[in-house]
Amino acid sequence: MGEGSEEALTPLVKPRGQSVVLVGFMGTGKSAAGRALAQQTGRPRFDTDEMISQRFGLPIREIFAQFGEKTFRDAETEALSRLSVSVAAIIVTGGGIVLRAENVQKLQALGVVVNLEANEETLWRRVSRRTTRPLMQTENPRGTLRELLLARQSLYRAAADVHIDTSNLTRAEVVAALLRQC
Ligand code: S3P
C-alpha cells in the first residue's frame with residue numbers, strides 16, 4: 001500500500017446525529033413547532049432556554065438582568081455540550097445560539113439543522129406581543145429587531161441545512177414540513 005492510503009481509509013467527515021435542530025430568530029415559532037414535533041414523533045425534546053432556566057432556577061430575562069448576556073451565552077454553550085449525538089431528539093435553540101461558531105459546529109453534529117424564518121413584519125407582530133425577551137427591552141424595540149435581524153440573517157442561513165419561511169404557514173403546516181426531516 002502506498003503512503004497515505006491508510007489516511008484515505010479514515011472517514012474525514014464524522015457521522016452526524018439523527019436529531020432535528022431548530023434555529024432561527026425570536027418569533028419564528030421554534031418553541032411551539034418543537035413541542036408539536038416532539039409530540040407527534042415521540043422523540044425527546046431539549047430546549048436550550050429551558051435547560052438554562054432550570055439550571056439557574058430563573059427565567060431567561062432574570063438571568064440577563066442579574067448576570068448579564070455573557071453568562072447567558074456561556075450557559076447556552078454549556079447546555080449544548082450536554083446534548084448527545086446518539087439520541088434522535090428534537091432540539092430547540094434560542095435565537096442567539098448561532099452567534100458562536102462553536103455552537104453551530106455542535107448543532108450541525110447533532111443532526112439536520114432547520115432554520116425557521118419569517119419576514120420582518122411577521123416577526124414584529126409576534127415578538128411585540130410579549131415583554132419577556134430581554135434583548136427587546138430597548139427604547140426602540142422595532143429598530144432593535146431590524147438591527148438584530150440584519151446582523152444575524154446570514155448566520156442562520158449559513159448554519160442550517162433546510163430553511164422554512166413560516167410567515168404564511170400555520171403551525172400544522174410548519175410541523176408537516178418539519179416531519180419531512182425526521
Ligand atoms: C435570544 C432569544 C431568546 C433567548 C434569549 C436571547 C436571542 O430565545 O434565548 O432571550 O439572542 O435572540 P427565543 O429565540 O426563543 O426567543
Side-chain angles (χ1 to χ4, degrees), residues 20-40 45-80 90-101 103-104 107 113-179 181:
V20 174
V21 181
L22 303 183
V23 301
F25 200 76
M26 298 174 260
T28 47
K30 303 179 295 285
S31 303
R35 236 175 262 121
L37 192 61
Q39 208 174 23
Q40 292 198 26
R45 178 182 63 91
F46 300 97
D47 180 318
T48 56
D49 277 358
E50 287 176 10
M51 292 166 77
I52 296 166
S53 219
Q54 268 166 21
R55 196 184 131 205
F56 282 76
L58 291 170
I60 300 297
R61 68 169 181 281
E62 273 303 314
I63 299 171
F64 269 72
Q66 290 187 29
F67 305 103
E69 183 171 350
K70 165 83 168 58
T71 297
F72 174 78
R73 297 297 171 205
D74 288 344
E76 243 177 354
T77 302
E78 191 274 337
L80 288 184
I90 307 301
I91 297 167
V92 179
T93 62
I97 205 102
V98 293
L99 293 171
R100 288 190 181 175
N103 293 350
V104 172
L107 294 173
V113 181
V114 181
N115 171 27
L116 297 187
E117 299 179 308
N119 61 45
E120 202 183 313
E121 279 310 313
T122 304
L123 290 175
W124 174 244
R125 199 164 14 86
R126 295 177 184 167
V127 166
S128 57
R129 277 191 218 129
R130 289 214 250 144
T131 56
T132 52
R133 292 189 169 96
L135 292 181
M136 297 304 295
Q137 307 313 303
T138 63
E139 294 222 325
N140 174 14
R142 183 74 179 78
T144 303
L145 182 137
R146 167 176 284 250
E147 272 171 35
L148 286 174
L149 191 59
L150 276 176
R152 291 177 176 183
Q153 232 153 16
S154 60
L155 299 176
Y156 300 124
R157 295 258 163 87
D161 306 290
V162 178
H163 308 268
I164 301 174
D165 187 341
T166 67
S167 309
N168 298 307
L169 298 182
T170 63
R171 185 170 307 158
E173 287 169 333
V174 174
V175 174
L178 289 171
L179 279 169
Q181 305 304 324

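Hydrogens, waters and symmetry mates play no part in the numbers below; they use all other heavy atoms, side chains included.
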*F25 vs L145 side-chain heavy atoms within contact, under 4.5 Å*: yes
*Verify whether one side chain among D74 and T77 offers a donor that lies under 3.5 Å from an acceptor in the other.*
no
*Let me see the working for I52 and F72 under side-chain contact (heavy atoms from CB on, under 4.5 Å), right down to the final yes or no.*
CA-CA 8 Å; I52 296 166; F72 174 78; 3.7 Å; yes
*ring-ring contact (aromatic ring centres under 6.0 Å, His included) with Y156: which residues, sequence neighbours excluded?*
none
_Heavy-atom side-chain contact between L107 and V23 under 4.5 Å_ = yes
*Exercise: identify the closest heavy-atom pair between G94 and D49*: CA-OD1, 4.0 Å
*Can a salt bridge be assigned to the pair E69 and R73 using a cut-off of 4.0 Å between side-chain N and carboxylate O?*
yes
*Given side chains that start at C-beta, do those of M51 and E78 come closer than 4.5 Å, heavy atoms only?*
no
*Would you check, one step at a time, whether the test side-chain contact (heavy atoms from CB on, under 4.5 Å) holds for M26 with L148?*
CA-CA 10 Å; M26 298 174 260; L148 286 174; 3.7 Å; yes
_Under a 3.5 Å threshold, yes or no: a donor from one side chain and an acceptor from the other, between T138 and N140?_
no
*What are the two closest heavy atoms between S53 and P59, and how far apart are they?*
OG-CA, 3.6 Å
*May I ask you to check whether T28 and T166 show a side-chain donor-acceptor distance below 3.5 Å?*
no
_E117 and N115: side chain donor to acceptor below 3.5 Å_ = yes
*Run the salt-bridge test on E120 and R142 with the 4.0 Å N-O cut-off and return the result as yes or no.*
yes
*Shortest non-hydrogen contact from A33 toward V175*: O-CG2, 4.2 Å
